[in-house]
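Each ligand, and each atom within it, is numbered from 1 in the order the structure gives.
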Amino acid sequence: MLMNQDDLKKLVAQAAIDYVMPRIQTGEILGIGTGTTANCFIEMLGAYKHAFAGTVASSNASETRLRQQGITVLDLNEVDRIVFYVDGADESNHNLQLIKGGGAALTREKIVTACSDTFVCIADESKWVSTLGKFPLPVEVIPMAREYVARELRKLGGEPIHRAGIVTDNGCDILDVHGLKISDPVTLESQINHITGVVTNGLFARRAADVLLLGTQSGVEIVRP
Ligand code: 5RP
């Protein structure tokens, strides 16, 4: 029987448990992502809460879910080292460069990624693409700079749309940039981040995932760049 997208999310969440748990020590810290796939992982993680020292969450929403599971959540500033970061993605190319931020948590996700030894990405096969950009690229912006940043993004060939009614955990706005064909993700990530007023953008290319657990109809593929 064919698995639906929710089944595949649960499958990759279980695969992440199987990947991370044998490799983590009791004193170590896990980074936790945001979104429906990460939520499946959080639900399964409760059973293993004594196997590690605690977590750092990439959003207020994930922090709440982790606490509901009785899992310790730490401030990133109290933590020296995160061994694994587990998170979903909106798109992954074959180099494991990602688009993230569909859940508006891209900045904290990028910060936790930067602090982590290994980024384990979990995604169903609908996220696997040869070229990034079909999914609109989220860009977090300081609210007063929103229209200025939108004009600059148009110069780069995109069509930014303000994600109405969404304020990020950092008190900022999101522009979703449609119509970008992202042939050079590393350069575009830097170009967008250099626009004054941008907090960060959802390209995870300079720091891509280290391993992708990809949920397919024939099981979980372990993909490395
Ligand atoms: C949140 C994210 C998510 O990882 C991304 O949107 C994928 O979400 P989901 O697992 O719900 O498909 O980047 O900011």
Side-chain angles (χ1 to χ4, degrees), residues 3-17 20 30-45 55-66 76 82 84-93 96-114 116 118-129 132-141 161 163 165-178 182 185 189 192-193 198-216 220 223:
M3 285 181 277
N4 63 30
Q5 199 177 21
D6 284 345
D7 296 333
L8 291 174
K9 286 178 184 186
K10 287 183 195 138
L11 192 72
V12 293
Q14 183 61 54
I17 294 279
V20 167
L30 264 178
I32 307 293
T34 298
T36 53
T37 317
N39 288 347
C40 294
F41 179 71
I42 293 171
E43 267 186 33
M44 295 173 185
L45 194 61
T55 58
V56 171
S58 63
S59 64
N60 294 339
S62 290
E63 176 170 351
T64 301
R65 283 175 180 269
L66 286 160
L76 181 59
I82 297 172
F84 290 103
Y85 178 57
V86 178
D87 197 1
D90 298 300
E91 283 184 350
S92 172
N93 70 14
L96 308 196
Q97 295 169 317
L98 312 174
I99 288 184
K100 290 184 47 54
L106 60 157
T107 299
R108 293 189 187 194
E109 291 172 342
K110 205 175 270 199
I111 293 168
V112 183
T113 298
S116 299
T118 302
F119 178 2
V120 179
C121 185
I122 49 177
D124 64 84
E125 59 193 348
S126 69
K127 315 290 183 65
W128 182 243
V129 299
L132 298 172
K134 192 164 176 207
F135 189 92
L137 177 65
V139 179
E140 182 163 0
V141 296
I161 296 183
R163 201 183 295 178
I166 294 293
V167 177
T168 70
D169 287 349
N170 313 307
C172 294
D173 290 344
I174 297 284
L175 293 170
D176 290 309
V177 189
H178 295 248
I182 305 175
E189 180 178 359
I192 295 177
N193 281 346
V198 168
V199 180
T200 198
N201 71 83
L203 277 170
F204 284 54
R206 293 168 61 80
R207 172 70 159 95
D210 299 297
V211 57
L212 170 65
L213 305 177
L214 186 68
T216 75
V220 176
V223 188

Numbering as shown, the atoms of ligand 1 that approach Gly101 to under 4.0 Å (heavy-atom distance): 2 (C), 13 (O), 14 (O)
N/O donor-acceptor pair under 3.5 Å between Asn170 side chain and Cys172 backbone: no
Residue Gly35 vicinity, atoms of ligand 1 by number, heavy atom under 4.0 Å: 11 (O)
Those atoms of ligand 1 less than 4.0 Å from some heavy atom in Gly102: 6 (O), 13 (O), 14 (O)
Pair Thr34, Ser58: side-chain N/O donor-acceptor within cut-off below 3.5 Å: yes
Candidate with minimal heavy-atom separation from atom 5 (C) of ligand 1, of Asp124, Thr37, Asp90: Asp90
Enumerated ligand 1 atoms positioned under 4.0 Å from heavy atoms of Asp87: 4 (O)
Contact partition for Ala89 relative to ligand 1, non-hydrogen atoms under 4.0 Å: backbone
Ligand-residue contact atoms, ligand 1 with Gly88, heavy atoms, under 4.0 Å: 4 (O)
Numbering as shown, the atoms of ligand 1 that approach Ala104 to under 4.0 Å (heavy-atom distance): 14 (O)
Residue pair Trp128 / Thr216, side-chain heavy-atom distance below 4.5 Å: no
Within reach of ligand 1, part of Ser59 (heavy-atom separation under 4.0 Å): neither
Within-4.5 Å side-chain heavy-atom neighbours: Leu30 and Ile82: no
Basic-acidic side-chain contact under 4.0 Å: Glu140, Lys110: no
Min N/O separation Ala38 to ligand 1 under 3.5 Å: no
Closest protein heavy atom to atom 4 (O) of ligand 1, given as residue, atom name and distance to 0.1 Å: Lys100 NZ, 2.9 Å
Side chain proximity check, Arg163 to Ile166, heavy atoms < 4.5 angstrom: yes
Closest approach of any protein heavy atom to atom 2 (C) of ligand 1, naming residue and atom: Glu109 OE2, 3.3 Å
Nearest-0.5 Å distance that lies between atom CG in Asp124 and atom CG in Asp7: 10.5 Å
For atom 12 (O) of ligand 1, the protein heavy atom that lies nearest, with its residue and separation: Lys127 NZ, 2.8 Å
Donor-acceptor side-chain pairing of Ser126 and Gln5 below 3.5 angstrom: yes
Per-atom contacts of ligand 1 with Ala105, taking only distances under 4.0 Å to non-hydrogen atoms: 14 (O)
Nearest protein heavy atom with distance in Å, relative to atom 3 (C) of ligand 1: Thr34 O, 3.2 Å
Distance-only side-chain donor-acceptor flag, Ser62 / Ser59, under 3.5 Å: yes
Salt-bridge criterion met for Lys100 and Asp90 (N-O under 4.0 Å): no
Residue and atom name of the nearest protein heavy atom (relative to atom 9 (P) of ligand 1), distance in Å to one decimal: Thr36 OG1, 3.2 Å
